[in-house]
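Structure record follows, encoded as structure tokens.
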Amino acid sequence: MQPWDTDRASSLIQELQQLPGALLPILHALQDEFGYVDQTAVPLIAEALNISKAEVHGVISFYHDFRHELPGRHILKMCRAESCQSMGCDRVIEHVEKRLGAKLGETTADGSFTLDAVYCLGNCALSPAVLLDGKPYGRVSAQVADFLIDDVRRRA
Amino acid sequence: MKVFVPCDMAALSVGADAVARAISEQVAARRLDVTVVRNGSRGMFWLEPLVEVETAKGRVAYGPVTAESVQGLFDAGFLEGKAHTLCLGPTEEIPYLKKQERLTFARCGIVDPLSLSDYVSRDGYKGLQRALTMTPEALVEEVTQSGLRGRGGAGFPTGIKWKTVLHAAADQKYIVCNADEGDSGTYADRMIMEGDPFVLIEGMTIAGFAVGATSGYIYLRSEYPHAFKTLKRAIAIAYEKGYLGADVAGSGKHFDLDVRLGAGAYICGEETSLLESLEGKRGQIRPKPPLPAIEGLFGKPTVVNNVISLATVPIILDKGADFYKDFGMGRSRGTLTIQLAGNIKYGGLVEKAFGITLREAIYDFGGGTHSGRSFRAVQVGGPLGAYFPESLLDTPLDYEAFAAKKGLVGHGGIVVFDDTVDLARQARFAMEFCAIESCGKCTPCRIGSTRGVEVIDRIIANQDRMKNLEVLDDLCELMLDGSLCALGGLTPYPVLSAVQHFPEDFDKPAVPPPPAQMAPKGQESSSWR
């Protein structure tokens with residue numbers, strides 16, 4: 001992940017601004033590059049797309065995906081929808097929250113993990129499901145979650 | 001010689017990449033002439049990673065394979081299809097697959113998803129070839145005659161939708177594929193996009209020719225990064241080989257296609273929210289009318305169809321409306337892609353003609369609960385579907401039969417719960433989910449869902465329980481009648497069905513409400529929540 005860079009952000013915006021309905025592609029590109037959408041991007045995007053800053057802000061805040069600040073080094077998305085509930089995801093989530101000292105939607109104090117709630121990853125025949133740094137895992141018990149966290153920490 | 005290891009996201013989630021690596025290592029070490037093909041999934045997820053070997057007698061399956069078991073498989077002669085404890089015999093003979101009627105999923109799990117020659121050699125683009133000989137009116141008529149209804153959940157006849165767009169005069173029309181498969185318990189769209197993307201591209205191209213649209217978008221949820229990569233590459237290949245662009249398959253006809261990512265909003269599976277989102281706006285729903293078929297994307301006439309609806313169009317055109325119509329029951333024609341999920345022993349994709357009962361799906365295919373405990377409830381049709389008890393398991397999977405029991409078939413997801421489930425908690429979650437995902441446009445959904453959570457908390461805490469059950473009933477009626485779209489309008493289904501079929505769960509000793517509501521991520525500043 002690159003540190004926030006206004007020039008780089010401007011050139012990303014420029015690359016995409018001609019697309020019909022360019023705002024979501026632009027926001028995704030910024031977040032892919034920097035890990036979040038910095039506040040300073042709002043006026044840049046507004047000017048490029050000829051819309052108000054309020055409209056840009058409204059879109060960023062509407063969607064669960066877009067982050068307002070830098071997330072942890074690793075992102076653990078845990079599904080808490082019905083299929084995963086039926087296989088005990090609530091217990092796994094509680095275990096991980098305790099272990100990492102952070103709740104869903106929060107980042108650990110040491111900045112190593114961000115925990116996110118998601119509602120369905122489309123892996124419902126192998127519930128509970130998680131996505132760790134974009135990699136899918138199925139049948140995630142508390143032990144499997146521990147293993148995944150340990151493994152990430154070992155490699156760090 | 002070919003060995004197949006799925007690249008489907010679910011297979012990856014249980015180690016398919018490690019298995020593929022281990023196989024490649026053995027192939028190199030043993031100096032064998034073997035190609036490892038990354039296919040889609042056959043949809044038998046308890047057997048994943050399911051490895052298949054091409055033999056003289058057809059494909060032989062082994063599963064679930066782990067990286068550690070690979071060396072033993074080579075030693076046992078699995079390349080010749082020989083015996084091993086993981087051997088499942090010829091893939092096509094596995095009863096779970098053999099009992100199915102795979103039309104839309106005819107190729108999924110068999111072909112290399114990104115091989116256009118695989119696609120064409122297995123009847124791919126035959127539908128398009130026939131479509132090119134037909135007038136737009138005849139094309140729309142064929143789809144109408146097939147009886148195909150929207151597989152996203154609403155079950156609206158696809159042909160009728162197309163007809164409206166065909167007859168709308170405009171300088172530009174669009175085909176939009178709704179790939180925002182947000183319902184828990186569903187993954188059929190994901191599987192087809194990862195396992196057979198060209199069938200969706202072909203279906204959208206045919207739809208474009210039928211209604212006179214030259215541009216298409218696939219709106220894909222961001223939770224599906226693997227499908228995104230596969231679609232991007234498949235679209236690039238289709239352009240390269242002349243199946244997309246200014247001269248589709250040498251016909252002189254034009255069709256462009258792009259895939260766009262959503263951003264984690266369930267509501268964008270509602271077609272008007274989806275269109276707003278595609279236009280780069282907040283995914284708030286639009287009041288109807290005007291219908292998207294008249295004023296859709298960028299104000300132009302637009303067909304919005306689900307992935308499975310569009311991916312079914314090629315086989316309808318190839319084999320004819322009568323062939324497709326022959327499957328099914330009543331007004332539900334063709335096949336339903338049932339997705340068995342949750343607490344189920346044999347979870348997976350079951351494509352069957354409409355009409356099999358829930359019991360057959362859950363027991364004959366699914367084998368009962370995964371935990372081995374007794375069955376208690378099933379939610380069909382995603383988070384807005386009703387909870388059914390044992391006594392309703394003989395309901396056939398058919399749009400009208402489900403509607404008669406105040407349930408919905410929806411997108412065909414079936415989530416099974418064992419006897420540890422607490423239906424009062426599930427009802428609470430239905431309201432909580434609606435509160436988290438509400439777009440905020442209409443009051444019954446925006447406010448009603450939050451009030452719903454509070455009322456259910458009081459019921460669980462045994463505060464004026466009878467009175468609050470009445471309030472809940474009233475609130476549900478209001479949301480049903482007063483919401484602008486299906487999110488607020490159908491959230492009462494899981495709630496009321498839980499109360500109706502599982503009243504004992506609302507009559508337990510008091511449990512105090514949880515200390516604080518979880519703030520939905522990124523929405524902390526939105527006061528209306």
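Atoms considered below: every heavy atom in the structure, side chains included; atoms not considered: hydrogens, waters and symmetry mates. Just so it is clear: chains get the letters A, B, ... in the order the sequence lines come, proteins before strands, and each one is counted from 1.
- Looking at A:P20, both its backbone and its side chain come within 4.5 Å of chain B, counting heavy atoms on both sides.
- The two residues A:H64 and B:A265 come nearest to each other via the heavy atoms CD2-CA, 4.4 Å.
- If you measure heavy-atom distances from B:I344 to chain A, the contacts under 4.5 Å come from the backbone alone.
- Interface check for chain B: of the options A:K77, A:Q85, A:E55, A:K135, the most heavy-atom pairs under 4.5 Å are formed by A:Q85.
- Other residues, nucleotides and ligands contribute more than 12 heavy atoms inside 6.0 Å of the CZ atom of B:F228.
- With B:R260 contributing its side chain and A:L24 its backbone, the two residues share no donor-acceptor pair below 3.5 Å.
- Counting only distance, with no hydrogens or angles, the side chain of A:S83 and the backbone of B:V415 share no donor-acceptor pair below 3.5 Å.
- Only the backbone of B:E279 comes within less than 4.5 Å of a heavy atom of chain A; no side-chain atom from C-beta onward does.
- Within residues 26-37 of chain A, the residues having any heavy atom less than 4.5 Å from a heavy atom of chain B are, in residue-number order, A:H28.
- With values rounded to the nearest 0.5 angstrom, B:F433 atom CZ is found 10.0 Å from A:R80 atom CZ.
- The neighbour count for A:N50 CG, taken as heavy atoms of other residues, nucleotides or ligands under 6.0 Å away, does not exceed 12.
- Closest approach of A:S86 to B:G342, counting heavy atoms only: OG-CA, 3.1 Å.
- By number of non-hydrogen pairs under 4.5 angstrom with chain A, the leading residue of B:G413, B:G382, B:G43, B:S222 is B:S222.
- Side chains of B:P494 and A:E82 form no contact here, defined as non-hydrogen atoms less than 4.5 Å apart.
- Chain B forms more heavy-atom pairs under 4.5 Å with one residue of A:G88, A:P128, A:A125, A:A129 than with any other, namely A:A125.
- For B:D418, no part lies near chain A; criterion is any non-hydrogen pair under 4.5 Å.
- Side-chain contact between B:C439 and A:F62: present, with at least one pair of heavy atoms (C-beta onward) separated by less than 4.5 Å.
- For the options B:H226, B:Q379, B:R221, B:E181, heavy-atom pairs under 4.5 Å to chain A are most numerous at B:R221.
- The candidate with the highest count of non-hydrogen atom pairs below 4.5 Å against chain A, out of B:V14, B:L261, B:L340, is B:L261.
- Residue with the most contacts toward chain A among B:G348, B:G280, B:A263, B:G264: B:A263 (heavy-atom pairs, distance under 4.5 Å).
- In terms of heavy-atom pairs under 4.5 angstrom with chain B, the leader among A:S127, A:G58, A:C79, A:G134 is A:G58.
- Applying the 6.0 Å contact sphere to CD of A:E15 captures more than 12 heavy atoms from other residues, nucleotides or ligands.
- When all heavy atoms of B:C268 and A:Y63 are compared, the closest pair comes out as SG-CE2, 3.9 Å.
- Proximity to chain A (any heavy atom under 4.5 Å) is restricted, for B:F298, to the side chain, taken from C-beta onward.
- Between chain B and the options A:A22, A:C120, A:G138, the largest number of non-hydrogen pairs under 4.5 Å is found for A:C120.
- In terms of non-hydrogen atom pairs under 4.5 Å with chain A, the most contact-rich of B:E48, B:M191, B:E223 is B:E223.
- Counted within 6.0 Å of CD on B:Q172, heavy atoms from surrounding residues, nucleotides or ligands total more than 12; the atom is thus considered enclosed.
- Neither the backbone nor the side chain of B:Y266 comes within contact range of chain A; no heavy atom of the residue lies under 4.5 Å from a heavy atom of that chain.
- Counting heavy atoms of neighbouring residues, nucleotides and ligands inside a 6.0 Å radius, atom CZ of A:R91 does not exceed 12 of them.
- Your options are A:L131, A:V140, A:V59, and the one with the most heavy-atom pairs under 4.5 Å with chain B is A:V59.
- No donor-acceptor pair under 3.5 Å is formed between the side chain of B:S13 and the backbone N or O of A:Y137.
- For B:L278, the part lying under 4.5 angstrom from a heavy atom of chain A is the backbone only.
- Contacts of B:Q339 with chain A are absent, with no heavy-atom separation under 4.5 Å from either backbone or side chain.
- Residue B:L297: no heavy atom, backbone or side chain, is found under 4.5 Å from chain A.
- When heavy atoms are compared at a cutoff of 4.5 Å, B:S371 does not approach chain A at all.
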